[in-house]
There are 2 protein chains.
Amino acid sequence: MSRKNDKRNRLVEAANDLIYQQTFNSTTLADIATKAEVPLGNVYYYFKTKDDILKAVVLKRSAVLQELFTTWDQQFAQAKDRLRAFIRHSIESADTTARFGCEMGSLCQELGKYSGELSHLAAELMHKTLNWVESQFKALGKNEETASTLAKYLISSMQGVSLLTLTFKDPSLIQRQSKNLENWLEAA
Amino acid sequence: MSRKNDKRNRLVEAANDLIYQQTFNSTTLADIATKAEVPLGNVYYYFKTKDDILKAVVLKRSAVLQELFTTWDQQFAQAKDRLRAFIRHSIESADTTARFGCEMGSLCQELGKYSGELSHLAAELMHKTLNWVESQFKALGKNEETASTLAKYLISSMQGVSLLTLTFKDPSLIQRQSKNLENWLEAA
């Protein structure tokens with residue numbers, strides 16, 4: 001990787017973490033530059049505005065999601081096993097969720113308040129996740145409508161518990177909920 | 001009401017709306033003063049810091065919640081009817097939720113990222129809601145643990161769907177979910 005790309009990546013990485021840990025709104029370009037160890041004057045070479053960095057962060061998060069989904073698609077032949085992996089994945093980050101919330105959910109919550117491009121950006125990640133979960137329910141033989149309902153139920157359940165986990169700073173909420181959702185999945 | 005109290009109330013009211021519509025972090029004291037039509041210099045007479053206004057906003061929201069709960073407690077003899085009123089209440093604000101999210105949920109999401117007093121403040125509103133819902137399930141004869149599990153399920157379901165409603169700008173999600181939750185409540 002060229003040193004130029006390396007600097008750009010460091011900026012996106014730093015922005016990703018700061019946006020997650022302290023919200024997009026309270027993250028300044030200066031914060032990002034400091035964390036990335038890139039002189040502030042250099043930031044403008046890569047990103048004209050904070051919104052441009054956000055776009056790069058969303059692209060990065062989208063690629064990470066895609067990688068997870070592809071891994072599960074290849075690792076498990078059965079759609080139920082893939083969905084189980086998706087549910088269990090939230091347990092791994094339970095401690096971080098108790099500190100900062102769900103990475104995707106909290107961005108959707110913050111940017112959803114704004115109209116226009118910013119709110120669409122965050123929604124893209126949620127759409128991607130919903131589509132993947134829906135496709136797994138279709139692979140289980142559910143029709144379009146049922147698959148959509150089940151996918152929304154699963155994702156909204158996980159999002160709701162992530163919020164309670166953050167609010168009460170209690171990672172055990174996600175652990176218990178994941179077990180319930182695995183049982184629900186067995187019966188679905 | 002004295003004119004002094006009137007000014008203070010206007011500031012709290014304006015802060016309440018702005019925090020809901022554009023997040024706490026992006027709301028400045030100047031925004032609040034402008035919306036309340038109070039000279040910025042006067043704000044400091046009532047509130048030393050933005051955190052102080054937030055405290056007043058949370059107190060106000062807590063009083064509004066208490067009023068709702070008291071109304072339902074008095075209006076309905078049966079705990080199931082009270083819980084049904086709680087579920088249906090979210091339908092009334094479905095359009096606003098699609099624009100700005102859940103008033104309580106989005107504050108918890110934002111302030112939960114911070115450690116210390118600010119995150120506790122938002123959590124108080126969630127605690128209050130959880131306690132009331134729990135007490136209704138206890139009135140239905142559920143034991144402490146079951147009442148707590150059911151209350152967390154109900155609230156996290158509603159919070160999760162509020163987030164999807166905001167993200168996809170689709171109020172019908174809350175309407176459909178409320179019907180499902182009413183059916184779930186019948187069987188609970």
Side-chain angles (χ1 to χ4, degrees), chain A residues 18-27 96-115 119-127 129-130 148-149 151-170 172-174 176-177 180-181, chain B residues 18-27 96-102 104-115 119-127 129-130 148-149 151-170 172-174 176-177 180-181 184:
Chain A
L18 289 170
I19 288 170
Y20 178 44
Q21 291 164 9
Q22 62 185 33
T23 77
F24 171 67
N25 194 277
S26 62
T27 300
T96 327
T97 304
R99 289 186 63 195
F100 307 117
C102 168
E103 195 181 66
M104 176 174 71
S106 56
L107 192 66
C108 287
Q109 183 76 70
E110 182 183 5
L111 300 185
K113 287 186 192 277
Y114 300 96
S115 52
S119 90
H120 288 299
L121 264 177
E124 270 174 38
L125 298 172
M126 192 73 94
H127 256 302
T129 307
L130 197 61
S148 163
T149 304
K152 285 195 187 101
Y153 175 83
L154 179 57
I155 290 172
S156 77
S157 297
M158 292 171 73
Q159 285 298 329
V161 164
S162 288
L163 180 63
L164 291 197
T165 299
L166 172 69
T167 303
F168 299 134
K169 305 288 175 198
D170 179 1
S172 78
L173 292 176
I174 286 191
R176 247 176 300 157
Q177 158 91 343
N180 294 339
L181 285 175
Chain B
L18 289 170
I19 288 169
Y20 177 44
Q21 291 164 9
Q22 62 184 35
T23 78
F24 171 67
N25 193 277
S26 60
T27 299
T96 327
T97 305
R99 288 186 63 193
F100 307 118
C102 168
M104 175 175 71
S106 57
L107 192 67
C108 287
Q109 183 76 69
E110 183 183 3
L111 300 185
K113 287 186 191 277
Y114 301 95
S115 51
S119 91
H120 289 299
L121 264 177
E124 269 174 40
L125 298 171
M126 191 74 93
H127 255 303
T129 308
L130 198 62
S148 162
T149 303
K152 283 192 188 106
Y153 174 81
L154 179 57
I155 290 172
S156 77
S157 296
M158 292 170 74
Q159 285 299 329
V161 165
S162 289
L163 180 63
L164 292 197
T165 299
L166 172 69
T167 304
F168 298 133
K169 305 288 176 197
D170 180 2
S172 79
L173 292 175
I174 286 191
R176 247 174 299 158
Q177 159 91 342
N180 294 339
L181 285 174
W184 166 83

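Naming convention: chains lettered A, B, ... in sequence-line order (proteins, then strands); numbering from 1 in each chain.
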Option that, when pairs with chain A are counted at under 4.5 Å, heavy atom only, ranks first among B/K169, B/Q159, B/H120, B/H127: B/H127
Pairwise distance CD(A/E110) to OG(B/S26) - rounded to 0.5 angstrom: 7.5 Å
A/L111 portion near chain B, given a 4.5 angstrom heavy-atom threshold: neither
CA sep, side-chain torsions, deciding dist, call: A/C108, B/L163, side-chain contact (heavy atoms from CB on, under 4.5 Å): CA-CA 7 Å; A/C108 287; B/L163 180 63; 4.1 Å; yes
Which atom of B/Q109 lies closest to which atom of A/S106, heavy atoms considered: NE2-CB, 3.0 Å
Sidechain-backbone polar pair: A/K113 side chain, B/F100 backbone, donor-acceptor under 3.5 Å: yes
Backbone of B/Q177 reached by a side-chain donor or acceptor of A/K152 within 3.5 Å: no
Contact class of A/Q21 relative to chain B, heavy atoms under 4.5 angstrom: backbone
Side chain, backbone, both or neither of A/Y153 within contact of chain B (heavy atoms, under 4.5 Å): side chain
Gap between atom CZ of A/F24 and atom CG of B/N25 - 0.5 Å precision: 11.5 Å
Separation of B/L166 CG from A/M126 CE (nearest 0.5 Å): 8.5 Å
Distance in Å, A/S156 OG paired with B/L173 CG, rounded so as to fall on 0.5 Å steps: 8.5 Å
Any A/I155 side-chain heavy atom under 4.5 Å of B/L164 side chain: yes
